[in-house]
Peer 1: 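Before I ask anything, let me first share the structure, which is written out below as structure tokens.
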Amino acid sequence: MPPVRVLYWFRTDLRLTDSPAVKAALDLAPSALYPVWCWDPEYVYSHNVGVNRFQFLLDSMNDTSAALTRLNPKSQLFVIRGSPRTLLKDLLLKWEISHLVFEEDKSAYGRVRDASVSATAASAGVKVVTRTGHTLWDTEAIVAKNGGHPTLTSETLMKCVDKLPNLEPPIPAPNSIPPPGPLDLALDRNYHPVSRPVDRNARDRTAEVTVYDTFTGPHADFAVPTLEELGMPPATTPYRGGEAEGLKRLEAFCSNEIAVAKFEKPKTSPAAFLPPQTTLMSPYLKFGCVSVRYFHKRVQDIIAKHKRGSSGLPVNLPGQLYFREMYYAAEFATPCFDRIRGNPICRYINWSLENVYDADGALVVPRPVSDDAEAEMYFERWKEGRTGFPWIDALMRQLKHDGWIHHLGRHSVACFLTRGHCFVSWERGLEVFDQWLIDWDPCSNPGNWMWLSCSAFFHSYFRVYSPIAFGKKWDKHGDLIRQYVPELKNFPAAHIYEPWKCPIADQRKAGCIIGKNYPKPMFDEKARKEHCLERMKAAFALGLKGDDTKVLDGSARRELDEADAATVIKSAATSPVSGAKRKQASVADMFAAKGGGGGSGSSSSSAEKMQKISAAADQAKSRSGGSRALDTKEGGNEALGDM
DNA sequence: CCGATGTTGCCGGC
DNA sequence: GCCGGCAACATCGG
């Protein structure tokens, strides 16, 4: 019998409690255990990862490394800087590994990477052992129970999992682990190029990337990298990663057993970021710091104890975890899940700023600036929290600064960007969430963007979140706005959701002049909503999905664009306002602090509103560098830096 | 074909 | 706090 020497490959499973893959590794009774992390250049250059998620990941890696050292002083998380596709093979050979063990990652990206690494390992005579652990059930098994189809409703998901074996109980963390063997490495840098044609995270860097200068870190100790080595400034998120932190947070949440048993997601406040309104467990699930199965068992036990008056599926806590399973299974069974083009479950809607592809069908990166200046302006102002709608701006600034916002807050801003008001493609919103969220997930995130934009999973496009009413329902005083939009800190509560309606004397008293210290709303909310509803109606009438030939050849786009143009012309023709007058309209006129914008209760018809939109579009298009012109002097978000 | 259902809309009226 | 109107989505079971 050759000696059993295991390389355990950590990825999004940075924990030791309830890790089926770690148990499988230890069950092999290895004489040597190498816990390894490959610091993949894909993640550094090709994915959209902002400084906050990197920080959360580094926290989690450091926590796991310390936990490994506690179990064996010779052990740690051995970080190798380079691509697993090339480096792992070298490590398997040099360290004479017999078994490669890792937790399954069935996302499209993980699947391809893991198949490549597994094939390499097998060809080197190394046995590959994998276990499910990132999800409650094996995603592939769920899809098989659904006839190979994506799971599009929670009911479908439940029907599938009812046919699967019951969940195994969680596995305690190990008490000890074997030491690694010799750590000698003599690798040739030339075999492991890390340069990339595109650096998608360059915008966040303040210095050179040095993390790839060596294989084993600046002190040759396989240390976890630092943000400095990534060329990034310090993170701003208050949330810290790691298994210890995650379990602590879970226990704190579970200490209020009645709240756990009665939890109903739709009745939690989007303005909240503390228990019992939210668990804030999503980033810990994303990096596997907390096992989803352990989380599930913990809340199920509490619910069983407090059966009377407890909430049910799908709004309760287990229900939330089942939605996560649904998105994983949907992603597994759907090609092009994170985009519209080629996506068979995604309704085709002629959004502004949709993805751009080259002649070979490859996504053009970096994304070219669209000639739709109005949409670019809406998008830019949405992203940076300068729409002039305080509720939206507060959430977007919270997202950028903290890396996390409440689920229903995400609904609010996602609906606003897409079908509700801006009519910008969900693909653009997805990219921003990818860059800024600490809990970004390749299944839940595109899934939820399709949900909110009525592209898949959900279809009632006439239910639109109001950027004014929705937040007010939960946060009457506007505390979330005051925290994240400090310009409005002293605004009277009566006007904080619609500050442009505030009398100028009160604006002066609050030390914030709308249009000077904080922007006017970037459009008439009601008019934009009506416009978007018309366009949604047309897209639903056409009834195409992202993989239809008419979408692939561009004719669906032309057809819908023409229908939209006809609607606008028709509205203009029936309007009593003359064309000459229309030309005089401008964005500034529409949103003067007095009168005009945002539901001043005027009797303007839908047709008039349509004209205003059309005029605003003309205005924006004719202005060179339109977004920049509008952005200046309109209350930036510098103040966020020192919160 | 009908009617019930679908995690999380808004508004006005009671 | 709960209802219906708004104008109306998809899916599923019968």
Peer 1: Taking 4.0 angstrom as the limit, do A:R557 and A:E354 come out as a salt bridge?
Peer 2: yes

Peer 1: Considering all heavy atoms of both residues, which atom of A:Y294 and which atom of A:D18 are nearest to each other, and what is their separation?
Peer 2: N-OD2, 3.5 Å

Peer 1: Cation-pi check for A:Y284 against A:R249: NZ or CZ below 6.0 Å from the six-membered ring centre and within 45 degrees of the axis, yes or no?
Peer 2: no

Peer 1: Near DNA chain B, which residues from residues 294-311 of chain A have a heavy atom under 4.0 Å away?
Peer 2: none

Peer 1: For DNA chain B, what residues of residues 257-284 of chain A have any heavy atom nearer than 4.0 Å?
Peer 2: A:K265, A:P266

Peer 1: Between the side chains of A:Y239 and A:N52, does any donor sit under 3.5 Å from an acceptor?
Peer 2: no

Peer 1: For the pair made of NE2 in A:H149 and P in C:dT11, what is the distance, rounded to whole Å?
Peer 2: 13 Å

Peer 1: If we ignore angles and hydrogens, is there a donor and acceptor under 3.5 Å between the side chains of A:D393 and A:T387?
Peer 2: yes

Peer 1: Is it true that A:K383 and A:E380 have a side-chain N and a carboxylate O under 4.0 angstrom from each other?
Peer 2: no

Peer 1: Any side-chain N or O of A:K526 below 4.0 angstrom from OP1/OP2 of B:dC10?
Peer 2: no

Peer 1: Starting at the 5' end of DNA chain C, write a dot or bracket for each base, bracketing those in Watson-Crick or G-U wobble pairs whose two distances are under 3.5 Å and using | for partners on another strand.
Peer 2: ||||||..||||||

Peer 1: Does any pair with a residue in residues 135-158 of chain A pass salt bridge (Lys or Arg N to Asp or Glu O under 4.0 Å), and if so which ones, sequence neighbours excluded?
Peer 2: A:K106-A:D138, A:K106-A:E140

Peer 1: Please enumerate all residues that pass side chain to side chain contact (heavy atoms under 4.5 Å, CB included) together with A:L152, with sequence neighbours excluded.
Peer 2: A:P150, A:I345, A:F457

Peer 1: Give a yes-or-no answer on whether the side chains of A:T132 and A:E104 include a donor-acceptor pair shorter than 3.5 Å.
Peer 2: yes

Peer 1: Check the pair A:L321 / A:L285 against side-chain contact (heavy atoms from CB on, under 4.5 Å), numbers first and verdict last.
Peer 2: CA-CA 10 Å; A:L321 298 178; A:L285 292 178; 4.0 Å; yes

Peer 1: Using a heavy-atom cut-off of 4.0 Å across all strands, would you classify A:K472 as base, sugar-phosphate, or nothing?
Peer 2: nothing

Peer 1: Using the test side chain to side chain contact (heavy atoms under 4.5 Å, CB included), find all partners of A:A394 that sit at least two apart in sequence or belong to another chain.
Peer 2: A:L480, A:I481, A:Y484, A:V485

Peer 1: Are A:F523 and A:F416 an aromatic pair by the rule of ring centers under 6.0 Å?
Peer 2: yes

Peer 1: Return the residues of residues 403-418 of chain A meeting this criterion: a heavy atom under 4.0 Å from some atom of DNA chain B. Order them by number, or give none.
Peer 2: A:H407, A:L408, A:H411

Peer 1: Going by distance alone, is a donor N or O of one side chain under 3.5 Å from an acceptor N or O of the other, for A:D434 and A:N445?
Peer 2: no

Peer 1: Does A:S466 place a side-chain N or O at less than 4.0 Å from the phosphate oxygens OP1/OP2 of B:dG9?
Peer 2: no

Peer 1: I'd like to know if the side chain of A:D105 reaches the main chain of A:S107, judged simply by a donor and an acceptor atom lying under 3.5 Å from each other, with no hydrogens or angles considered.
Peer 2: yes

Peer 1: Determine the sole option in A:W500, A:W382, A:Y378 for which the ring pair (Phe, Tyr, Trp, His ring centres under 6.0 Å) test with A:F389 is passed.
Peer 2: A:W500

Peer 1: Choose from B:dT7, C:dA10, B:dC10 the nucleotide whose nearest atom is closest to any side-chain atom of A:Y465.
Peer 2: B:dC10

Peer 1: What pairs meet the salt bridge (Lys or Arg N to Asp or Glu O under 4.0 Å) rule with one or both residues in residues 537-555 of chain A, with sequence neighbours excluded?
Peer 2: A:K550-A:E559

Peer 1: Taking atom types as modelled and ignoring hydrogens, do the side chains of A:T237 and A:H401 form a donor-acceptor contact shorter than 3.5 angstrom?
Peer 2: no

Peer 1: With sugar-phosphate meaning primed atoms plus P, OP1 and OP2, does A:W474 contact a base, only sugar-phosphate, or nothing at under 4.0 Å between heavy atoms?
Peer 2: nothing

Peer 1: For residues 459-472 of chain A, please give each side-chain donor-acceptor pair under 3.5 Å, one per line with the distance, not counting sequence neighbours.
Peer 2:
{"unit_1": "A:Y465", "atom_1": "OH", "unit_2": "A:H411", "atom_2": "ND1", "d": "2.9"}
{"unit_1": "A:S466", "atom_1": "OG", "unit_2": "A:I468", "atom_2": "N", "d": "3.0"}
{"unit_1": "A:S466", "atom_1": "OG", "unit_2": "A:A469", "atom_2": "N", "d": "2.9"}

Peer 1: Quantified in whole Å, what is the P atom distance between nucleotide C:dT11 and nucleotide C:dA7?
Peer 2: 24 Å

Peer 1: Under 3.5 Å, side-chain donor or acceptor atoms of residues 257-267 of chain A against the rest of the protein: list the pairs with distances, not counting sequence neighbours.
Peer 2:
{"unit_1": "A:E257", "atom_1": "OE1", "unit_2": "A:K305", "atom_2": "NZ", "d": "3.0"}
{"unit_1": "A:E257", "atom_1": "OE1", "unit_2": "A:H306", "atom_2": "NE2", "d": "2.7"}
{"unit_1": "A:E257", "atom_1": "OE2", "unit_2": "A:K305", "atom_2": "NZ", "d": "3.3"}
{"unit_1": "A:K262", "atom_1": "NZ", "unit_2": "A:G309", "atom_2": "O", "d": "3.4"}

Peer 1: Can you find a side chain N or O atom of A:K159 that sits less than 4.0 Å from OP1 or OP2 on C:dG13?
Peer 2: yes

Peer 1: Please list, for nucleotides 12-14 of chain B, all pairs of protein and nucleotide N/O atoms separated by less than 3.5 Å.
Peer 2:
none

Peer 1: Check every strand shown and say whether A:K529 touches a base, only sugar-phosphate, or nothing at a heavy-atom separation below 4.0 Å.
Peer 2: nothing

Peer 1: Give a yes/no answer on whether the side chain of A:R347 brings an N or O atom under 4.0 Å of OP1 or OP2 in C:dA10.
Peer 2: yes

Peer 1: Using heavy atoms and a sub-4.0 Å distance, could you list which residues of residues 453-461 of chain A are near DNA chain B? By number, please.
Peer 2: none

Peer 1: Quickly work out the A:K473 NZ to B:dT8 C1' distance and round it to whole Å.
Peer 2: 8 Å

